[in-house]
K.L.:
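Here it is, the structure, as structure tokens.
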Amino acid sequence: NCSFAFGEPNFMLTVTNSLAIATNGGLGAWQVYCRNLLLTNGGSLTLTALPTNGLANDEWSGHLAVTQDLVIGSLSWIYPVSHPTNGGSVRIAAHNARIAAGGGINTANRGFGGGFGPGRGSPTLVRRHGGGHGGRGGFGDQSTTGDLIGLTNGSPIAPLWPGSGGSRTDYGGYGGGLVRLEVAVSLALDG
């Protein structure tokens with residue numbers, strides 16, 4: 001029942017052996033390196049990306065590297081958070097990964113912020129359109145035309161960018177984040 005985060009943007013947490021986050025505990029960081037990672041009983045890990053310098057998100061600006069086993073138990077989550085204005089995102093790499101039913105990797109509302117991204121919603125105050133990515137964004141509160149909605153952009157099967165935010169920065173919601181999961185040997189996804 002305790003949470004903390006490392007606020008220094010260039011801080012790398014390196015754990016020689018195993019890192020366990022359990023019983024509603026939470027950890028926030030930019031980069032984490034460990035041999036084994038166990039999230040259980042409501043434990044969570046939030047990885048917040050820094051801005052990237054590239055035009056395409058081929059340089060990951062947040063990183064989780066697990067050299068052996070990544071285990072996400074029921075009610076436990078990894079939250080990769082993309083940079084809200086730049087789109088820098090998190091890469092997760094593990095030798096083996098097991099995700100239990102009721103746990104997982106959640107990027108909902110952790111992509112580009114309102115008014116940002118290649119498929120951002122209308123910049124006008126009154127329309128408040130949703131952002132787009134693999135599909136078009138939603139209609140705003142005062143329009144049913146598709147003239148200013150967030151446009152489809154990027155690849156729907158191999159995205160390089162997180163989802164675009166809706167409308168303006170003061171009204172638009174965040175887009176969906178980006179998951180880059182690389183597993184070298186085995187992935188068990190239980191639900």
Side-chain angles (χ1 to χ4, degrees), residues 1-50 52 54 56-84 86-112 133-135 154-163 173-191:
N1 293 318
C2 179
S3 297
F4 69 94
F6 296 101
E8 175 62 34
N10 294 318
F11 180 84
M12 275 188 285
L13 175 62
T14 302
V15 178
T16 306
N17 290 309
S18 297
L19 172 61
I21 305 171
T23 316
N24 299 316
L27 174 65
W30 167 55
Q31 291 194 57
V32 176
Y33 298 89
C34 59
R35 184 166 192 241
N36 297 295
L37 175 61
L38 172 63
L39 300 173
T40 185
N41 297 323
S44 67
L45 174 62
T46 300
L47 299 160
T48 302
L50 299 176
T52 182
N57 196 2
D58 52 5
E59 299 175 16
W60 301 95
S61 57
H63 196 212
L64 169 61
V66 181
T67 59
Q68 288 299 314
D69 296 327
L70 166 62
V71 178
I72 303 173
S74 181
L75 305 176
S76 299
W77 295 90
I78 293 178
Y79 297 104
V81 180
S82 297
H83 191 272
N86 179 277
S89 294
V90 175
R91 176 182 175 260
I92 300 171
H95 191 71
N96 299 299
R98 188 162 126 210
I99 302 172
I105 301 170
N106 184 339
T107 63
N109 300 313
R110 291 176 177 86
F112 278 105
H133 193 247
S155 168
I157 59 172
L160 294 175
W161 292 104
Y174 281 71
L178 177 65
V179 175
R180 173 74 182 253
L181 177 61
E182 298 175 8
V183 179
V185 177
S186 68
L187 170 65
L189 181 59
D190 294 332

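For the single chain, residues carry numbers from 1 onward in sequence order.
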K.L.:
List the atom of Ile72, the atom of Gly103, and the distance in Å for their closest heavy-atom pair.
P.N.:
CG2-C, 4.2 Å
K.L.:
Examine distances only and state if a side-chain atom of Asn36 and a backbone atom of Asp69 form a donor-acceptor pair shorter than 3.5 Å.
P.N.:
yes
K.L.:
Looking at Trp161, is its backbone amide N or carbonyl O close enough to the side chain of His133 to form a donor-acceptor pair, meaning the two atoms are under 3.5 Å apart?
P.N.:
yes
K.L.:
Is there a side-chain contact between Val81 and Tyr174 in this structure, where contact means two heavy atoms from C-beta onward sitting under 4.5 Å apart?
P.N.:
no
K.L.:
Side chain of Ser44, backbone of Ile78: donor and acceptor closer than 3.5 Å?
P.N.:
no
K.L.:
Restricting to non-hydrogen atoms, name the atom on Gly87 and the atom on Pro162 that form the minimum distance, rounded to 0.1 Å.
P.N.:
O-CD, 3.5 Å
K.L.:
What heavy-atom pair brings Val15 and Ser18 nearest, and what distance separates the two atoms?
P.N.:
CG1-O, 3.5 Å
K.L.:
Would you call the rings of Phe11 and Phe6 parallel, tilted or perpendicular, where under 30° means parallel and over 60° means perpendicular?
P.N.:
parallel
K.L.:
So do Pro84 and Phe112 actually touch side chain to side chain, heavy atoms under 4.5 Å?
P.N.:
no
K.L.:
Counting N and O atoms only, with roles assigned by atom type, does the side chain of Asn86 sit under 3.5 Å from a partner on the main chain of Thr52, one being a donor and the other an acceptor?
P.N.:
yes
K.L.:
Are Leu19 and Leu27 close enough, and set up right, to give a side chain to side chain contact (heavy atoms under 4.5 Å, CB included), and what steps lead you there?
P.N.:
CA-CA 11 Å; Leu19 172 61; Leu27 174 65; 4.1 Å; yes
K.L.:
Hey, what do you get for CG (Leu37) to CG (Leu64), rounding to the nearest 0.5 Å?
P.N.:
6.0 Å
K.L.:
Ser61 side chain to Leu50 main-chain N or O, any donor-acceptor pair under 3.5 Å?
P.N.:
yes
K.L.:
Measuring from atom CG of Leu181 to atom CZ of Arg91, what distance do you get when rounded to the nearest 0.5 angstrom?
P.N.:
10.0 Å
K.L.:
What distance do Arg110 atom CZ and Ile105 atom CD1 have between them, rounded to the nearest 0.5 Å?
P.N.:
12.0 Å
K.L.:
Under 3.5 Å, is there a donor-acceptor pair between the side chain of Ser82 and the main chain of Pro80?
P.N.:
no
K.L.:
Please report the closest heavy-atom contact between Leu39 and Trp77, naming both atoms and the distance.
P.N.:
CD1-O, 3.7 Å
K.L.:
Taking the side chain as everything from C-beta on, heavy atoms only, tell me whether Arg35 gets closer than 4.5 Å to Thr67.
P.N.:
yes
K.L.:
Given the rule in the side chain to side chain contact (heavy atoms under 4.5 Å, CB included) test, do Trp30 and Glu8 qualify, once you have shown the distances and angles that lead to the verdict?
P.N.:
CA-CA 9 Å; Trp30 167 55; Glu8 175 62 34; over 6 Å; no
K.L.:
Show, in sequence, the C-alpha distance, side-chain angles and deciding distance for Thr40 and Ser76, and conclude whether the side chain to side chain donor-acceptor pair (under 3.5 Å) test is met.
P.N.:
CA-CA 6 Å; Thr40 185; Ser76 299; 5.3 Å; no
K.L.:
Rounded to the nearest 0.5 Å, how far apart are CG of Asn24 and CG of Asn1?
P.N.:
5.0 Å
K.L.:
Quick one: pull up CD1 in Ile92 and CD in Glu182 and give me the separation to the nearest 0.5 Å.
P.N.:
10.0 Å
K.L.:
Could you state the interatomic distance from CD (Gln68) to CG (Asn17), rounded to the nearest 0.5 Å?
P.N.:
11.0 Å
